[in-house]
Amino acid sequence: MELSEVMEKRLTTLKYTNKKVSAENMNKIIESAIIAPSAKNRQPWRFYILTDEQKNYIADKMDTWINNTGLVTTINRSADLIRQVGNCVLIYSDKWDANNVDRIENPEKLLNGEDIENMVIMHDYYFDRIKADTLSVGAAVEHMILKATELGIDTTWLCDVLFIDDVINKYLGLEDKELICGLALGYRKENPKRKGRYKKEYLIIGEESERQKLCR
């Protein structure tokens, strides 16, 4: 299958059977993530493959989460999906606040602009690095999704797990890691609907002359 065909074929699935993805295919999917590009080759991604018991526990906790945000969420739908799907992987990175910033001896000097060295560390680790590492993890997840699609496996990118990331991390003993997202992998129960996409004219910003070249 050509890459363009894989990208076109990929759709987010919301209804799954409980059929498992084979160990061979899961291995191929993880290996595809490992070769993804990453900022400064840090390869910040880590993968936790949930057991059925763990999937059900997390789904139950998502269902009992108290929504104090005042916003409408899809957390309950995601909980149902996690229970249904054959396989679910949580994607982590190293804990960002463990990158030496929390070891600064005189934070008041940093706040007063006197500690130039640690100001650079603060900027690099708490701004640039967080953005770069998140993008790197995203690239790894995209590799997994495209590889799964090539193998005839359906996927759903899960961010609703972040509503209870502290609960999940404590349960799995991963409090030294940063939960970025989850990925459901399995086989569709019904065909997903293709959602609309914005047109190029709306998405490309900048010089009008350059936009016209691409939006003809």
Side-chain angles (χ1 to χ4, degrees), residues 6-21 26 29-30 33 36 44-93 96 130-131 133-149 151-172 174-175 177-199 202-203:
V6 173
M7 291 190 292
E8 184 68 25
K9 187 176 179 181
R10 183 219 64 84
L11 291 172
T12 296
T13 297
L14 297 179
K15 295 289 184 179
Y16 286 90
T17 69
N18 61 5
K19 181 182 176 182
K20 294 284 187 183
V21 176
M26 285 297 295
I29 290 166
I30 296 295
W45 44 72
R46 301 292 183 271
F47 310 102
Y48 194 107
I49 301 172
L50 296 172
T51 65
D52 286 342
E53 181 182 351
Q54 290 167 339
K55 286 197 304 104
N56 291 333
Y57 178 90
I58 289 170
D60 288 346
K61 291 298 181 182
M62 291 171 71
D63 272 338
T64 57
W65 173 73
I66 298 173
N67 184 356
N68 293 318
T69 67
L71 301 173
V72 176
T73 76
T74 55
I75 189 169
N76 300 116
R77 186 183 73 180
S78 294
D80 287 341
L81 189 154
I82 289 170
R83 287 191 193 92
Q84 293 169 10
V85 74
N87 302 75
C88 190
V89 180
L90 298 182
I91 296 92
Y92 282 85
S93 74
W96 288 318
I130 288 174
K131 289 180 181 178
D133 281 359
T134 304
L135 287 168
S136 299
V137 172
V141 176
E142 178 75 355
H143 271 220
M144 295 170 76
I145 289 171
L146 294 179
K147 186 62 179 180
T149 303
L151 295 169
I153 297 164
D154 297 296
T155 59
T156 306
W157 202 324
L158 299 168
C159 290
D160 285 339
V161 291
L162 298 178
F163 284 115
I164 61 161
D165 58 346
D166 55 339
V167 173
I168 294 172
N169 294 346
K170 184 175 182 179
Y171 170 59
L172 298 177
L174 294 173
E175 292 169 290
K177 301 294 182 190
E178 198 81 38
L179 178 59
I180 307 298
C181 65
L183 183 64
L185 300 121
Y187 300 91
R188 66 183 64 173
K189 193 172 186 178
E190 58 185 52
N191 290 331
K193 295 180 180 178
R194 186 174 295 279
K195 296 180 180 179
R197 295 287 168 169
Y198 291 120
K199 294 185 179 298
Y202 175 78
L203 297 172

*asked:* To check you understand the geometry: which heavy-atom pair defines the closest contact between V6 and L146, and what is its length?
replied: CG1-O, 3.3 Å
*With the side chain counted from C-beta on, respond yes when K20 and D52 share a heavy-atom pair under 4.5 Å apart, and no when they do not.*
yes
*Heavy-atom pair of closest approach, residues F47 and A33*: CZ-CB, 3.5 Å
*So do I168 and L90 actually touch side chain to side chain, heavy atoms under 4.5 Å?*
yes
*asked:* Within the 4.5 Å heavy-atom criterion, are F163 and D160 side-chain neighbours or not?
replied: yes
*Taking ring pair (Phe, Tyr, Trp, His ring centres under 6.0 Å) as the test, write out the residues that go with Y48, two or more places apart.*
none
_If I compare all heavy atoms of L185 with all of A148, which pair ends up nearest, and what's the gap?_
CD2-CB, 4.0 Å
*Establish, from distance only, whether the side-chain atoms of S93 and D133 form a donor-acceptor pair under 3.5 Å.*
no
*asked:* Keeping T69 on the side-chain end and L71 on the backbone end, is there a donor-acceptor pair under 3.5 Å?
replied: yes
_Under a 3.5 Å distance rule, please check whether N87 uses its side chain to pair with a backbone N or O of G186 as donor and acceptor._
no
*Spell out, as yes or no, whether a donor-acceptor pair under 3.5 Å connects the side chain of T74 to the backbone of R77.*
no
*Qualifying residues under salt bridge (charged side-chain N to carboxylate O under 4.0 Å, His left out), relative to K170, sequence neighbours excluded*: none
*Can you name the nearest heavy-atom pair linking K55 to V85, along with the distance?*
NZ-O, 2.9 Å
_T12 side chain near W157 side chain, heavy-atom distance below 4.5 Å_ = no
*Roughly how far, to the nearest 0.5 Å, is CD1 of I180 from OG of S136?*
10.5 Å
*Measure the shortest side-chain to side-chain distance between I29 and I153 over non-hydrogen atoms and say whether it is less than 4.5 angstrom.*
yes
*Non-neighbouring partners of Y187 that pass ring pair (Phe, Tyr, Trp, His ring centres under 6.0 Å), sequence neighbours left out*: none
_Quick one, Y57 and Y171 - any side-chain contact, counting heavy atoms below 4.5 Å?_
yes
_Strictly distance-based, threshold 3.5 Å: is any side-chain N or O of K15 a donor or acceptor partner for the main-chain N or O of N191?_
no
*With a 4.5 Å heavy-atom cut-off, do L179 and I91 have their side chains touching?*
no
*Could you list the residues that satisfy side-chain contact (heavy atoms from CB on, under 4.5 Å) with Y202, not counting sequence neighbours?*
Y198
*List in chain and number order the residues that pass salt bridge (charged side-chain N to carboxylate O under 4.0 Å, His left out) with R188, two or more places apart in sequence or in another chain; answer none if no residue qualifies.*
D154
*Which residues pass the salt bridge (charged side-chain N to carboxylate O under 4.0 Å, His left out) test with D80, sequence neighbours left out?*
R83
*Given the rule in the side-chain contact (heavy atoms from CB on, under 4.5 Å) test, do T17 and Q84 qualify, once you have shown the distances and angles that lead to the verdict?*
CA-CA 6 Å; T17 69; Q84 293 169 10; over 6 Å; no
*For the side chain of T156 and the backbone of T13, is there at least one donor-acceptor N/O pair under 3.5 Å apart?*
yes
*Over 12 foreign heavy atoms within 6.0 Å of CZ, R197*: no
*Pairwise side-chain contact, L158 with C181, heavy-atom cut-off 4.5 Å (strictly under)*: no
*Is atom NZ of K61 surrounded by more than 12 heavy atoms (other residues, nucleotides or ligands) closer than 6.0 Å?*
no
